[in-house]
Number of protein chains: 2
Amino acid sequence: MSESIPVSVKAPGRRRAAKGVRKRQLIEATIESIAKRGLGETTLSHVSTAAGLSQGIVNLHFTSKENLLNETLNFLREDYDQALQQALAKAPDTPAGRLAALLRADFKASVADRKKIAVWFAFWGEVKSRPAYRKICQDRVKNYNEILHGLLNALVVDGQYANIDVPQLADTITSLADGLWLNLLISARGMKRAEAERTMMQYLCSVFPKHTEAFS
Amino acid sequence: MSESIPVSVKAPGRRRAAKGVRKRQLIEATIESIAKRGLGETTLSHVSTAAGLSQGIVNLHFTSKENLLNETLNFLREDYDQALQQALAKAPDTPAGRLAALLRADFKASVADRKKIAVWFAFWGEVKSRPAYRKICQDRVKNYNEILHGLLNALVVDGQYANIDVPQLADTITSLADGLWLNLLISARGMKRAEAERTMMQYLCSVFPKHTEAFS
DNA sequence: ACAATTGATGAATAGGTGTTCATTCACAAA
DNA sequence: TTTGTGAATGAACACCTATTCATCAATTGT
């Protein structure tokens, strides 16, 4: 949000920063720009100006624009995974409780932020023509699926559910989650995060009727 | 290739076409290019070359690139709506049969074509920063939701189902459909259309257990 | 047959973008 | 203080892209 104040050249003391600091600063400016202007209209000028730095700064720290975008998508993925881990760490130790925590995490304010979702979709929109993006997105899905499969299997055992096709159920859940994100992004009458979360929980209740209290 | 020999024999009937014909030809070249290169890398040169025409042709028929892209998205939406109408027209006259037809249509070869899905996502990725795209996408969703609500209400009455929140159910169904599309686009082990359709049908079976035969 | 009309051309234009690199300058070690 | 290091600059460069427009030629009307 707060736009970085462009540093006056005259004002001393605003120079030099560790590499890691600048890189993160530039990545955040990139996310901001993609959310505001879209991926196609995001230029290095926009990014460096928003960061209050000079023209060549991105090439200095990332070598190329392509590299900046790859690292931006990577950052987004790590940010997402971290939110999941954090949610699981705080979750109760029951399968249902952990599953609920995992799926609620998708709709937390810090994850389902409209800006971040816009950036996710911007990259998804290029997935077919950019193998580098596809790789990162596939890795994220793969990791998510592994966690989800584990929890679903545990819950099926825990509740002695029969006739549940876990792989297909996992597909349904991940698809539902992604589709709800699209709703958050597009919907006219601003679908709210809470509403999306409720929809997801309601679905889980219907699949696991013995554990409704965990999904309420 | 050989060309520009200014003799009378210029080429076979390669000149002149009605406005509508050229426009459609250019829109199709645009879709092709977006699917192959992405929205950001699609240039007017690519489009006109792919159509076998000259530089200025897009500006002649569409005035601007922005216009071409808007009309391309519009075409995609009309194409989609048409597929839905066609599916409904051929459907049996029962609520369950019509619902099944509507949702199966999302995964027909001509609709869930990997190229078209890539283009949909390319535009969705810019929805936040381009009001014109957002408008078209919202209209499509709105129309879809109206049809879906009608069918769901009819089916609830038909089967005397209780405790069904139709608006929420409609949200779940549309989200699931969109999410399955993302799976088709990204998934590593190529999720197949048939698999996605089965997932959707299986979900409908779970919601409407008295009508499973319509969803099998 | 002869204009008139209009689709189509493609070279030229103007504006913008990513990248480079010689140079500057903050900072800390000697 | 002096000096070495490397972060940061920003003008210059080469490239690309959307758009224009004078020109051409196929079709239509008379």
Side-chain angles (χ1 to χ4, degrees), chain A residues 4-27 29-30 33-34 36-72 126 129-130 132, chain B residues 1-27 29-30 33-34 36-72 126 130 132:
Chain A
S4 45
I5 299 125
V7 177
S8 160
V9 183
K10 275 68 186 177
R14 252 284 169 235
R15 278 285 186 99
R16 289 282 180 113
K19 275 209 156 179
V21 174
R22 280 276 175 270
K23 290 188 87 170
R24 181 186 215 100
Q25 180 186 5
L26 289 169
I27 284 176
T30 304
S33 173
I34 294 174
K36 190 199 296 180
R37 277 176 273 260
L39 195 45
E41 304 294 315
T42 288
T43 74
L44 293 189
S45 278
H46 290 146
V47 172
S48 54
T49 299
L53 296 167
S54 65
Q55 279 295 346
I57 198 68
V58 167
N59 293 97
L60 177 66
H61 289 288
F62 292 90
T63 348
S64 70
K65 185 186 186 183
E66 184 186 347
N67 222 292
L68 168 70
L69 294 178
N70 286 339
E71 292 214 33
T72 298
E126 302 268 289
S129 50
R130 304 203 98 120
Chain B
M1 334 282 183
S2 66
E3 59 198 336
S4 71
I5 297 170
V7 193
S8 54
V9 180
K10 184 64 193 241
R14 259 274 164 254
R15 276 287 182 103
R16 285 283 177 118
K19 275 210 156 181
V21 174
R22 280 279 177 266
K23 289 188 88 170
R24 181 186 216 99
Q25 180 185 5
L26 289 168
I27 284 176
T30 304
S33 174
I34 293 175
K36 191 200 294 182
R37 277 177 273 262
L39 194 45
E41 305 294 315
T42 288
T43 74
L44 294 188
S45 277
H46 291 145
V47 172
S48 56
T49 299
L53 295 166
S54 65
Q55 278 296 347
I57 198 68
V58 168
N59 293 97
L60 176 67
H61 288 288
F62 292 90
T63 350
S64 70
K65 184 185 185 183
E66 184 187 346
N67 221 291
L68 168 69
L69 294 178
N70 286 338
E71 293 215 33
T72 298
E126 302 267 291
R130 304 203 98 118

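The structure displayed is predicted, hence computed values, not measured ones. In what follows, every chain begins at residue 1, and chains take the letters A, B, ... in the order their sequences are listed.
Taken from OG1 in T42(A) to NZ in K36(A), the straight-line distance is 9.5 Å, to the nearest 0.5 Å. Once rounded to the nearest 0.5 Å, the distance linking OG of S48(A) with CD of Q55(A) reads 5.0 Å.
What separates CD of Q55(A) from C1' of dT17(C) is a distance of 9 Å, to the nearest Å. Atom-to-atom, CG of L60(A) to P of dT9(D) comes out at 9 Å; the value is rounded to the nearest Å. Distance, K65(A) NZ to dT19(C) C1': 12 Å, rounded to whole Å. The interatomic distance linking E66(B) (CD) with dT17(D) (C1') rounds to 16 Å, in whole Å. Rounded to a whole Å, the NE2 atom of H61(A) is 11 Å from the C1' atom of dT9(D). Computed from coordinates, the E41(B) CD to dT17(C) C1' distance equals 12 Å when rounded to whole Å. Note: CG (L53(B)) to C1' (dT9(C)) measures 10 Å, nearest angstrom. Atoms CD (Q25(B)) and C1' (dG7(C)) sit 13 Å apart, rounded to a whole Å.
Closest approach to the T43(B) side chain among dA7(D), dA18(D), dT17(C) is made by dA18(D) (side chain taken as heavy atoms from C-beta onward). Checking dG18(C), dA18(D), dA8(D) against the side-chain heavy atoms of I57(A) singles out dA8(D) as nearest. Distances from the side chain of L44(B) to the nucleotides dA18(D), dT19(C), dG10(D) place dA18(D) closest.
For dA8(D), the OP1/OP2 oxygens have a side-chain nitrogen or oxygen of R22(A) closer than 4.0 Å. For the OP1/OP2 pair of dG18(C) and a distance below 4.0 Å, the side-chain nitrogens and oxygens of N59(A) include no atom meeting the criterion. Within the 4.0 Å cut-off from OP1 or OP2 of dT17(D), not a single side-chain nitrogen or oxygen of H46(B) is found.
Remark: R130(A) engages E41(B) in a salt bridge, criterion side-chain N to carboxylate O under 4.0 Å.
In this structure, the side chain of E71(A) does not engage the main chain of I27(A) through any donor-acceptor pair within 3.5 Å.
With L44(A) as the fixed residue, the side chain to side chain contact (heavy atoms under 4.5 Å, CB included) test singles out one of T30(A), V58(A), I57(A): V58(A).
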